[in-house]
Amino acid sequence: PFLWNAIIKSFSHNDYPKQALLVFCTMMENGVCGDKYSFSLALKSCSKMGFVKQGMQIHGLLRKFEFGGDVFLLNCLVCMYMRSGCVEFARQVFDRMIYRDSVSYNLMIDGCVKCGRIDLACELFDCMPLEMRNLVSWNTMIGGYSKLEDGFEVVMELFEKMPDRDLVSLNVMIDCCVKRGKMDVARALFDKMTKRDVISWGIMIDGYAKLGGVCVARGLFDATPCRDVVSCNAMMAGYVQNGCCTEALQVFRDMLSHSSLSPDNTTLSIALSAVAQLGRVNEGVVIHCYIKEKRFSVGGKLGVGLIDMYAKCGDLEAAKALFDKMGKRTMVSWTTMVVGYAKFGDLDNARRLFNEMPEKDAVPWNAMIGGYVQAKCSKEALALFNEMQAMNVKPD
RNA sequence: UCUCUUGUCGGUC
């Protein structure tokens with residue numbers, strides 16, 4: 001199994017959880033008994049993708065092995081259930097564990113926090129054995145509160161109360177300030193830090209960029225010691241949000257020529273939206289080719305990005321072809337097409353797709369009504385508006 | 001060789 005594990009690990013480590021899981025299955029089918037390392041890697045892959053069914057199968061399989069009671073593996077199970085939102089199952093595994101370590105508790109706390117059950121998280125945090133409550137537990141708690149709208153006070157309180165603070169604690173703090181527009185407080189903390197990592201820099205870049213300080217953001221971006229793909233994405237997104245699409249694309253090109261950084265899904269989505277806003281199909285096609293060449297999956301956001309790019313550039317045939325070819329149409333991809341048609345005055349096609357949509361939130365309604373308004377079809381616009389109100393569409 | 005906490009991203013306005 002060592003060789004197999006090495007392969008599984010390399011996939012898992014390089015963010016290919018699907019292949020990792022596939023290799024694991026192949027291994028088992030070939031009669032090679034996995035060891036606890038193979039299982040933990042497989043479970044981790046399930047966690048990453050939120051595959052509960054596969055995870056449950058592995059869970060079942062695990063009972064037949066003597067190492068099935070291993071703390072590491074049980075922790076992996078807790079993680080898998082928590083990340084898939086199955087709090088009850090996670091709780092079951094956790095409650096039945098004979099030995100728990102701090103990771104077990106921290107996983108439960110984090111899971112509860114991310115499901116919006118901060119009450120359960122608090123209970124676990126307060127009741128866990130003191131010797132297991134470590135920095136990660138504290139950081140998980142302040143991270144949880146920092147995501148709550150009115151959590152700032154509690155974050156400050158916990159931050160004062162915690163016995164130690166590390167880089168993560170400080171990063172959580174500055175992010176918490178940034179997300180509330182308190183850039184001055186964030187900056188003071190950032191400047192005071194004796195150690196900063198690429199995340200600290202990234203939080204500040206994102207903050208300045210979103211609050212209109214793109215130039216300051218750029219300064220920090222240039223000063224970042226070891227930029228990674230997320231810093232670049234934050235910078236690019238910042239440029240796009242401020243309408244500086246050319247600059248965004250320049251960062252993208254710099255990234256491509258800088259061999260140590262390769263674009264990811266997010267990079268490409270941002271680049272596509274920059275191209276869409278500029279209406280430069282040719283550059284969009286180049287990115288499309290890159291996506292095909294590197295075999296990025298176009299099932300999710302990238303697919304939408306491509307459709308949107310072609311639609312906004314006026315190539316509705318290309319957009320429609322992609323839309324038709326896409327396996328699963330989501331409300332978002334559907335809306336993107338409606339918007340594209342409406343924007344270029346093809347209200348018939350827009351309306352046809354709009355009517356075919358199985359589900360609509362406020363966005364397609366707004367877009368369709370907006371299309372009618374733009375074309376001065378006030379009668380249709382008003383009719384739709386009334387219909388929308390009658391349907392009680394939530395604005396969200 | 002394995003498990004926990006922090007930054008970036010999609011459709012209308």
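Note that the coordinates shown come from a computational prediction; the quantities given were computed from them, not determined experimentally. Order of the sequence lines sets the chain letters (A, B, ...), proteins ahead of strands, with each chain counted from 1.
Rounded to whole Å, the distance from CD1 on A/I7 to C1' on B/C2 is 17 Å. Following rounding to the nearest Å, A/F159 (CZ) and B/U5 (P) show an atom-to-atom distance of 19 Å. Straight-line distance from the OH atom of A/Y208 to the P atom of B/G7: 19 Å, rounded to whole Å. Between the CE atom of A/M80 and the C1' atom of B/U3 there is a distance of 13 Å, rounded to whole Å. Between A/W365 atom CH2 and B/G11 atom C1' there is a gap of 17 Å when expressed in whole angstrom units. For A/R100 and B/U3, the CZ to P distance is 22 Å, given to the nearest whole Å. Here B/U6 presents its P atom at 15 Å from CG of A/D206, a figure rounded to the nearest Å. Spacing between atom CE of A/M337 and atom P of B/G10 amounts to 20 Å, rounded to whole angstrom units.
Contact annotation for A/V339: backbone-only contact, meaning every heavy-atom pair under 4.0 Å involves sugar-phosphate atoms and none involves a base. Using a 4.0 Å heavy-atom distance criterion, A/S169 is classed as making no nucleic acid contact. Base contact: A/I199 has a heavy atom under 4.0 Å from a base atom. Base contact: A/V198 has a heavy atom under 4.0 Å from a base atom. Among the heavy atoms of the strands, none lies under 4.0 Å from A/M204. When heavy atoms are screened at a 4.0 angstrom cut-off, A/D228 is found touching base atoms of the nucleic acid. Among the heavy atoms of the strands lying under 4.0 Å from A/R83 are primed sugar atoms or P, OP1, OP2 only; no base atom is included. The residue A/V172 sits close only to the backbone: its heavy atoms come under 4.0 Å of sugar-phosphate atoms, none of a base.
Contact of A/N366 with B/G11 (side chain to base): no donor-acceptor pair of N or O atoms is detected under 3.5 Å. Applying the 3.5 Å distance criterion, the base of B/G11 shares a donor-acceptor pair with the side chain of A/D361.
With values rounded to the nearest 0.5 angstrom, A/M80 atom CE is found 7.5 Å from A/M56 atom CE. For the atom pair A/K44 NZ and A/K9 NZ, the distance stands at 11.0 Å (nearest 0.5 Å). Here the CG-CG distance, from A/D35 to A/D70, works out to 10.5 Å after rounding to the nearest 0.5 Å. Rounded to the nearest 0.5 Å, atoms CG (A/N75) and CG (A/D101) are 5.0 Å apart. Rounding to the nearest 0.5 Å gives a distance of 9.0 Å between CG of A/N106 and CZ of A/F125. Atom-to-atom distance recorded for A/I205:CD1 and A/C232:SG is 8.5 Å, nearest 0.5 angstrom.
For A/A237, taking side-chain heavy atoms from C-beta onward, the closest of the listed nucleotides B/C9, B/U6, B/U3 is B/C9. When distances run from any side-chain atom of A/T336 to the nucleotides B/U3, B/G11, B/U5, the shortest one goes to B/G11. Minimum atom distance to the side chain of A/K147 is reached by B/U6, of the listed B/U8, B/C4, B/U6. Comparing atom distances between the A/T335 side chain and each of B/G10, B/G11, B/U3 picks out B/G11 as nearest. With B/U5, B/G7, B/U3 as the candidates, the nucleotide lying closest to the side chain of A/V136 is B/U5. Closest to the A/D110 side chain, of the nucleotides B/G10, B/U12, B/U5, is B/U5. Listed nucleotides B/U12, B/U5, B/U8 differ in distance to A/N233; the shortest reach to its side chain belongs to B/U8. Closest to the side chain of A/T266, out of B/U3, B/U8, B/G7, is B/U8. Set against B/U1, B/U6, B/U3, the side chain of A/C76 has B/U3 as its closest nucleotide.
Residues A/S169 and A/M162 come closest through the heavy atom pair OG-CE, 3.8 Å. Contact detail for A/A186 and A/V178: the closest heavy-atom pair is CB-CG2, 3.7 Å.
Put simply, A/K179 has no side-chain N or O that comes within less than 4.0 Å of OP1 or OP2 on B/U6. One finds a side-chain N or O of A/K114 lying less than 4.0 angstrom from the OP1 or OP2 phosphate oxygen of B/U6. At B/G10, none of the side-chain N or O atoms of A/K312 fall inside 4.0 Å of OP1 or OP2 (strictly under the cut-off).
Looking at residues 28-50 of chain A, you'll see A/Y37, A/S40, A/K44 sit with a heavy atom under 4.0 Å from some atom of RNA chain B.
Relative to the ring axis of A/F221, A/R227 places its NZ or CZ within 45° and under 6.0 Å from the centre.
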May I have the list of side-chain donor-acceptor pairs in residues 59-69 of chain A shorter than 3.5 Å, sequence neighbours left out?
unit_1: A/H59; atom_1: ND1; unit_2: A/Y81; atom_2: OH; d: 2.8

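Remark: ring of A/F72 stacked against base of B/C2; centroid gap under 5.5 Å, plane tilt under 30°.
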